[in-house]
Protein chains: 2
Amino acid sequence: MNFLTRNKQIILYGLALAVIIILVRWLEISYILADDSVDIYIGVIALLFTGLGVWLAIKLRKPKVETVIVEKEILLTPPVVFVLNENEVKRLNLSRRELEVLQWMAAGLSNQEIADKLFVSLNTIKTHTAQLFEKMEVKRRTQAVDLGKKLGLIP
Amino acid sequence: MNFLTRNKQIILYGLALAVIIILVRWLEISYILADDSVDIYIGVIALLFTGLGVWLAIKLRKPKVETVIVEKEILLTPPVVFVLNENEVKRLNLSRRELEVLQWMAAGLSNQEIADKLFVSLNTIKTHTAQLFEKMEVKRRTQAVDLGKKLGLIP
DNA sequence: TGCAAAATCACCCGAAAGTATGACCGCTGA
DNA sequence: TCAGCGGTCATACTTTCGGGTGATTTTGCA
């Protein structure tokens, strides 16, 4: 069954060949074709079988080449490399120490913990935070952290 | 000039046809071909021109389609659309209210402001935050916000 | 080298945040 | 039906935060 389907073109071609040969033979026997008309005869046969060949080639040649589109998903991870928004730092006139305090604040440290980490007194950190809030125009450390992230001051 | 190049195949085919017809005519004249051998003669011609047809078809038929592999880079932008990390919510056993409070906390609201926004008392918010901190194992709202962002609980 | 800005520290006070505990209500699943 | 949970609220207390003010030292730069 599969054989028939797969070789349908070839079988059809063979049958067509047979039919044409039979036809030609019959014409010949019937004396319809004179000896003189051999040229035309050959021409017709040639054209016929050329057409057949073309058809065969087109049919048999598989559509084959498929366009393969490979969709490659590439996950970009922008947060991996944090770049400080220098412009905002300048605009807000934030000092280095204030920015540092802001970063630790964002990490969830208390003023005391920041003080310990930076080896300064609690009061110093308080001063820094107070200045920071004033410059950033916020009232709470949570607001400062939120705004800081939005402005690209902290990762 | 261009005409010649573009129709080279067709011209070649025509010429081949002419040559073969001349050849056949010559054979006929030379009495090499007897009347009896017409079948074989036709068969040969048929095969010949079928081959020609196939060759023609293959040659003429387009500079076959090339395999095109397109690597499509799809940018995934995670920050654009925030999806809540349900797994973490379940793991930490956070209630809806607690998550809500966390979100407002992350926006920089004070407990009193959150209370006003949710139309509940300050004490209620305090209870929620206390429970939240216990479940998240943190001690401060800033820590909760930081961890919440890392775990995908808040945008 | 001098000066402004930055960094440091201190004290006080009120506000906000966080801790601990107890209580009430409504819903739900065993 | 009853235990458990989520949500609500309250009181009392401690800790931390933030505002205000003032002062000294350090540092970067013109």
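None of these values were measured; they are calculated from a predicted model. Chain identifiers are assigned alphabetically (A, B, ...) following the order of the sequence lines, protein sequences preceding nucleic acid strands; residue numbering begins at 1 within each chain.
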Can you tell me how far apart [atom1] ([X]) and [atom2] ([Y]) are? Round to the nearest 0.5 Å.
| X | Y | atom1 | atom2 | answer |
| --- | --- | --- | --- | --- |
| B:Met105 | B:Ile154 | CE | CD1 | 7.5 Å |
| A:His128 | A:Leu102 | NE2 | CG | 12.5 Å |
| A:Gln103 | A:Phe82 | CD | CZ | 7.0 Å |
| A:Lys149 | A:Leu153 | NZ | CG | 11.0 Å |
| B:Asn87 | B:Leu151 | CG | CG | 11.5 Å |

Taking only Lys NZ, Arg NE, NH1 and NH2, and the carboxylate oxygens of Asp or Glu, determine whether A:Arg140 and B:Glu113 approach each other closer than 4.0 Å.
->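 Here A:Arg140 pairs with B:Glu113 in a salt bridge, since their nearest N and O are under 4.0 Å apart.
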Side chains of B:Ser121 and B:Thr124, donor plus acceptor under 3.5 Å =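 B:Thr124 and B:Ser121 do have a side-chain donor-acceptor pair below 3.5 Å.
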Pairwise side-chain contact, [X] with [Y], heavy-atom cut-off 4.5 Å (strictly under):
| X | Y | value |
| --- | --- | --- |
| B:Leu118 | B:Trp104 | yes |
| A:Leu122 | A:Asp116 | no |
| B:Leu94 | B:Glu88 | no |

Base versus backbone protein contacts along nucleotides 3-24 of chain C [heavy-atom cut-off under 4.0 Å; B, S, -] = ---SSBBBB-----BBS-----
Which is the 5'-most and which the 3'-most nucleotide of DNA chain D that has an atom under 4.0 Å from a heavy atom of chain A?
->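 Answer, 5' to 3': D:dC17 to D:dG19.
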Find the bend of the helix from C:dT1-D:dA30 to C:dA30-D:dT1 as the angle between its two terminal axes (five pairs each), to the nearest 10°.
->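 Answer for the end axes of this duplex: 60°.
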